[in-house]
Amino acid sequence: MKLVTFTRRGETHIGVLVCRDERKTIFDLNQAQPSLPSDMTEFLKLGDAAWALAKSALASADERCY
């Protein structure tokens, strides 16, 4: 899982770089799982708990999160 930080509408988000339909796109973890921090340092500080939430969000991906 490759994490990325990006800005949408002036707000910072954390996402996962994924391949869909033969192209790379970003899955917005903060939209899928609002309890996750949008700051990468804070995400990493949460350790396994944050990774578990991220994996769960990605496994139950919602089209609105791409």
Using a 3.5 Å cut-off and no angle test, enumerate the donor-acceptor pairs between side-chain atoms of residues 39-59 and protein atoms at least two apart in sequence or in another chain.
| unit_1 | atom_1 | unit_2 | atom_2 | d |
| --- | --- | --- | --- | --- |
| Asp39 | OD2 | Thr41 | N | 3.1 |
| Asp39 | OD2 | Glu42 | N | 2.9 |

When the side chains of residues 26-34 are checked against the rest of the protein, which donor-acceptor pairs come out under 3.5 Å, sequence neighbours left out?
| unit_1 | atom_1 | unit_2 | atom_2 | d |
| --- | --- | --- | --- | --- |
| Asp28 | OD1 | His13 | ND1 | 3.2 |
| Asp28 | OD1 | Asn30 | N | 3.0 |
| Asp28 | OD1 | Gln31 | N | 3.1 |
| Asp28 | OD2 | Arg8 | NH1 | 3.2 |
| Asp28 | OD2 | His13 | ND1 | 3.1 |
| Asn30 | OD1 | Ile14 | N | 2.5 |
| Asn30 | ND2 | Leu36 | O | 3.1 |
| Asn30 | ND2 | Pro37 | O | 3.1 |
| Gln31 | OE1 | Arg8 | NH1 | 3.3 |
| Gln31 | NE2 | Arg64 | O | 3.1 |
| Gln33 | OE1 | Ser35 | OG | 3.0 |

If you apply the rule side chain to side chain contact (heavy atoms under 4.5 Å, CB included), what do you find for Val16 with Val4, and how did you get there?
CA-CA 6 Å; Val16 177; Val4 296; over 6 Å; no

